[in-house]
Amino acid sequence: FILYTVIGVLLLGGCSKKNDNNDNDNNTTPSQYFSVLIEDFSHTDCVPCVNVDNAVNTVLEYYASQDASPIFMEFHPKPTGFGDDPFNLANPELHDGRMNWYYDYYGLDNVPQLFVNATVLSATDRNDVDRIQQIVEDAKNSPKPATISGSASLDGDSIRLQVTITADSSITADVFCYLVRETITFTTAPGSNGLEEFHMIPAAQFEWENP
């Protein structure tokens with residue numbers, strides 16, 4: 001059983017980010033999340049990934065309007081038959097490693113794939129806005145063996161985390177923190193599927209010390 005805490009921070013890179021004119025004086029992330037993890041495995045040359053991307057974005061927009069969202073990350077592994085894309089090139093160990101974890105667990109090694117709390121959605125469900133939202137709601141309302149709460153703030157060149165983990169004494173868990181880029185937009189689509197906007201791309205991962 002693996003627990004993840006995901007902190008979204010602004011990482012400025014070689015491509016533009018939406019809302020660059022936002023006030024950055026408040027360094028603590030204002031976003032509120034509930035403990036459901038959506039993982040979208042995509043690739044800039046994956047045409048079927050576009051429909052999954054559109055469906056997930058619609059669900060996330062709904063939750064954003066409710067002021068509380070599931071945790072979302074979009075991974076870009078390089079399965080057999082695919083070349084590199086910008087995100088995989090930037091950190092292949094992270095992106096391919098996460099897909100390899102799911103390959104070992106489920107035997108899945110291609111894209112698109114969509115998971116909610118480590119449960120894979122069928123090819124039909126991952127394209128269906130209503131089904132994704134229902135699955136997220138079911139996961140949100142299910143009993144939780146552990147909770148992670150806290151905040152992140154920027155302190156010069158450092159990121160400061162203040163996190164509390166509450167768990168039943170029977171739980172054995174590995175806790176990881178992901179740094180994720182927020183919305184990244186390109187002026188020209190970086191791959192053949194035409195997508196120019198990407199959300200919550202993992203940029204770094206590190207294991208929590210003394211969880």
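Small disclaimer: the values here were computed from a predicted structure and weren't measured. What you see below is based on every heavy atom in this structure, not just the backbone, and it leaves out hydrogens, waters and symmetry mates.
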* Test item: Tyr105 and Val120 side chains (from C-beta on) under 4.5 Å apart, heavy atoms -> no
* Asked: Are the side chain of His43 and the backbone of Gly83 linked by a donor-acceptor contact shorter than 3.5 Å?
  -> yes
* Asked: Just by distance, do the side chain of Asp85 and the backbone of Thr44 share a donor-acceptor pair under 3.5 Å?
  -> yes
* Start with the C-alpha distance between Tyr63 and Gln32, add both sets of side-chain angles, then the distance that settles side-chain hydrogen bond (donor to acceptor under 3.5 Å, both in side chains), and finish with yes or no. => CA-CA 10 Å; Tyr63 281 110; Gln32 298 298 315; over 6 Å; no
* **Close side-chain approach of Phe72 and Val180, heavy atoms under 4.5 Å** => no
* To do: Evaluate whether atom CZ of Phe82 has more than 12 neighbouring non-hydrogen atoms of other residues, nucleotides or ligands under 6.0 angstrom away.
  => yes
* **Point-to-point distance, once rounded to the nearest 0.5 Å, from NZ of Lys140 to CD1 of Ile135** => 15.5 Å
* Side chain proximity check, Asn57 to His199, heavy atoms < 4.5 angstrom -> yes
* **Exercise: identify the closest heavy-atom pair between Ala139 and Val116** => CB-CG1, 4.1 Å
* Does a donor on one side chain sit under 3.5 Å from an acceptor on the other, for Asn100 and Asp104? -> no
* Is there a side-chain contact between Ile71 and Val36, using heavy atoms and a 4.5 Å cut-off? -> no
* Asked: When you measure from the side chain of Asn141 to the backbone N and O of Glu137, does any donor-acceptor pair fall under 3.5 Å?
  -> yes
* Flag, side chain of His95 to backbone of Pro202, donor-acceptor distance under 3.5 Å -> yes
* To do: May I ask you to check whether Asp138 and Gln134 show a side-chain donor-acceptor distance below 3.5 Å?
  => yes
* Contact check, side chains of Pro79 and Asp109, non-hydrogen atoms, under 4.5 Å -> no
* To do: Look at the rings of Tyr102 and Phe115 and say which category their plane angle falls in: under 30° parallel, 30 to 60° tilted, over 60° perpendicular.
  => parallel
* Asked: Where the side chain of Asn91 meets the backbone of Phe87, is there a donor-acceptor pair that is under 3.5 Å apart?
  -> no
* ILVMFWY cluster, Val47 and Phe186 together (side-chain gap under 4.5 Å) -> no
* Run the side chain to side chain contact (heavy atoms under 4.5 Å, CB included) check on Tyr178 and Leu94 step by step: do they pass? -> CA-CA 10 Å; Tyr178 280 94; Leu94 187 158; 4.2 Å; yes
* Asked: Any side-chain heavy-atom pair from Pro190 and Leu195 closer than 4.5 angstrom?
  -> no
* To do: Evaluate the side-chain proximity of Asp40 to Met200: yes if any heavy-atom separation is below 4.5 Å, no if none is.
  => no
* Asked: Can Lys78 and Asp84 be counted as an ion pair, charged N to O under 4.0 angstrom?
  -> yes
* To do: Walk me through it: do Asp53 and Ser42 pass the test side chain to side chain contact (heavy atoms under 4.5 Å, CB included)?
  => CA-CA 8 Å; Asp53 180 83; Ser42 188; 5.8 Å; no
* Asked: Are the side chain of Asp45 and the backbone N or O of Gly191 linked by a donor-acceptor pair below 3.5 Å?
  -> no
* To do: Measure the spacing between CD of Glu197 and OG1 of Thr185 and express it to the nearest 0.5 Å.
  => 6.5 Å
* Asp96 side chain to Pro77 main-chain N or O, any donor-acceptor pair under 3.5 Å? -> no
* Residue from Glu39, Glu93, Glu74 passing salt bridge (charged side-chain N to carboxylate O under 4.0 Å, His left out) with Arg98 -> Glu39
* Between Arg126 and Pro112, is there a donor-acceptor pair closer than 3.5 Å when you use the side chain of the first and the backbone of the second? -> yes
